[in-house]
J.: 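Submitted below is the structure of interest, expressed as structure tokens.
Side-chain atoms are counted along with the backbone in the values below, which use heavy atoms only and exclude waters and symmetry mates. Numbering of ligands and ligand atoms starts at 1, following listing order.
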Amino acid sequence: MNQAKSKPKKDHYDVVIIGAGMSGMAAAIRLAHFGKDVCLLERHNAVGGLNSFYSIGGRKYDVGLHALTNYVPPGVKGTPLVKILRQLRIARDELDLNPQRCSRIAFPGVDLKFSNDFTLLESEILREFPDQADGLQTLLRKIREWDDNQLDYPDVSAREIVGECLSNPDLVEMLFCPLMFYGNAREHDMEFGQYVILFKSLFFEGFARPFDGIRVMLRVVRNKLKESGVERCMKLGVKLIQAEQGRVAALELDNGRVITADKVISCAGWPETLSLCSDVETKENPSNVGRLSFVETINILQRQPREFGLEDTIVFFNDAERFEFARPDELVDVRSGVICIPNNYDYSEGRQLEEGIIRFTAQANFEKWNSLNEEDYVDQKSWWFKALGESACKFLPIDSFDVIQQQTMVTDMFTPKTVKKFTGRLAGAVYGSPIKNKPGKTHLENLYICGTDQGFLGIVGAMLSGITIANLYGLRGD
Ligand SMILES: Cc1cc2nc3c(=O)[nH]c(=O)nc-3n(C[C@H](O)[C@H](O)[C@H](O)COP(=O)(O)OP(=O)(O)OC[C@H]3O[C@@H](n4cnc5c(N)ncnc54)[C@H](O)[C@@H]3O)c2cc1C
């Protein structure tokens, strides 16, 4: 965990960054590399935001890392991962990236395997859905032709475009399932631009994991912040953004101190940032708050999962007649979810995680979790822990969840309430607002949004967003 750092040394900075999420930290490093005087303010005691870790009983648990997406092998140029490494001056080896073995999209009676080699998924689709061959090629062409560099791409429905290419609804849903679980802030549908970004980052590129998980990423980024001279203030949030004449005039901090900056970049979320502004009135119920959140359960096992037949790296499963991506009516929707087995990456030099780990993630209802009293909260957690495990295990080659339970030494679980508590994300909305602020501008001319609500999700996406906003507004001016 990070030590609390000294409070801001100065009264004025070139740029203040609100939040030490992956995007805020990337923006800070980029600006400091170009000589900007940067102060990074984080309300929590740890950096990383949604993408962090915690310790219980001496054991460290990752929060936001199943997989680093956008993995490409050394030598490939021009992709998001390569761009962030270059722009933040991070050597690839520092991240200790190990590629996935093989993952799966599992629906009743149909499995589609995929790896970091896209031809595997393509051949699986052709095997299961031979009559979709032409449609698949049309979809792939549309994905490849989409201009990734346009910042303010049009908001068109992915369902409409994918539906024009593929006529088999099962295949459509099977492709939507992982993309939605890994970064869609919208219920039922997604923007085609987001579909393209996620399709490329999951299927054309792929998954990898540092051997020691998210701590590796955070260590590398923290060192870069230090080397580049960013002033990092932990356990110190921004309480109020004082607006005057259409600009940020000053920032009032949680400890009452007031500082100023030429520019302010926030990764706290778009509605969350607006609700800090003195000239915004709807602080109680801001609009454009995301409705999607998750529970995640973790089983720490005494054996390697592969010893009892669990070979997959990640499984995206769905048991419902039609895959549904929306806030559930109940506390959790166990019909679909993600199974992640961190042991099943291809770790270099034959390394193996000491303990087995299996994580199950599913959609959850923030309001319902938030309204429970303490006792019910504990009871419901243990009930849904089991229900989710049982549902997910139907898609694993074991008889039942009992097989995993028998191997389990320790468990943990977090809910949408936990997400809200540790990141400030309203409604525990993991993927932020359904309507994204792609240009990153706000009603105040020197206040910008980066990260999740700018429309770039996941670890690599958030970092790319921080760099983009820093380049556009922090380095090049307005
Ligand atoms: C359970 C889970 C699993 C995930 N799995 C993956 C995965 O496998 N792969 C992947 O690539 N991505 C994954 N993600 C998503 C990824 O973690 C996020 O998309 C990314 O980290 C978002 O970064 P961000 O910078 O946009 O914002 P955030 O991480 O939300 O950071 C915002 C920061 O701002 C701080 N803050 C808020 N308000 C204030 C204030 N007023 N003053 C100061 N600071 C403030 C918060 O404390 C927080 O640190 C997962 C997320 C979750 C929750």
J.: Do Phe204 and Phe199 have ring centres separated by under 6.0 Å?
T.: yes

J.: Does this structure show an ion pair linking Glu94 with Arg219, if we count only N-O contacts that are shorter than 4.0 Å?
T.: no

J.: With a cut-off of under 6.0 Å to the ring centre and 45° to the axis, is Lys417 in cation-pi contact with Tyr377?
T.: yes

J.: Verify whether one side chain among Asn299 and Thr408 offers a donor that lies under 3.5 Å from an acceptor in the other.
T.: yes

J.: Look up atom CG in Leu218 and atom CE in Met22, then write down how far apart they are to the nearest 0.5 Å.
T.: 5.5 Å

J.: Please tabulate protein-ligand N/O pairs under 3.5 Å for ligand 1, atom names and distances to 0.1 Å.
T.:
unit_1, atom_1, unit_2, atom_2, d
ligand 1, 5 (N), Gly64, O, 3.4
ligand 1, 8 (O), His66, N, 2.6
ligand 1, 8 (O), Ala67, N, 3.0
ligand 1, 8 (O), Ala67, O, 3.2
ligand 1, 9 (N), Ala67, O, 2.7
ligand 1, 11 (O), Ile459, N, 2.7
ligand 1, 19 (O), Gly458, N, 3.0
ligand 1, 25 (O), Met22, N, 3.3
ligand 1, 25 (O), Ser23, N, 3.0
ligand 1, 25 (O), Ser23, OG, 2.6
ligand 1, 26 (O), Thr452, N, 2.9
ligand 1, 26 (O), Thr452, OG1, 2.8
ligand 1, 27 (O), Arg425, NH2, 3.1
ligand 1, 29 (O), Leu50, N, 2.7
ligand 1, 30 (O), Arg425, NE, 3.0
ligand 1, 30 (O), Arg425, NH2, 2.9
ligand 1, 41 (N), Arg43, NH1, 3.4
ligand 1, 41 (N), Val238, O, 3.1
ligand 1, 42 (N), Val238, N, 3.0
ligand 1, 44 (N), Arg43, N, 3.3
ligand 1, 47 (O), Glu42, OE2, 2.6
ligand 1, 49 (O), Glu42, OE1, 2.6
ligand 1, 49 (O), Glu42, OE2, 3.3

J.: If you count the non-hydrogen atoms of other residues, nucleotides and ligands that lie under 6.0 Å from CD in Glu311, is the total more than 12?
T.: yes

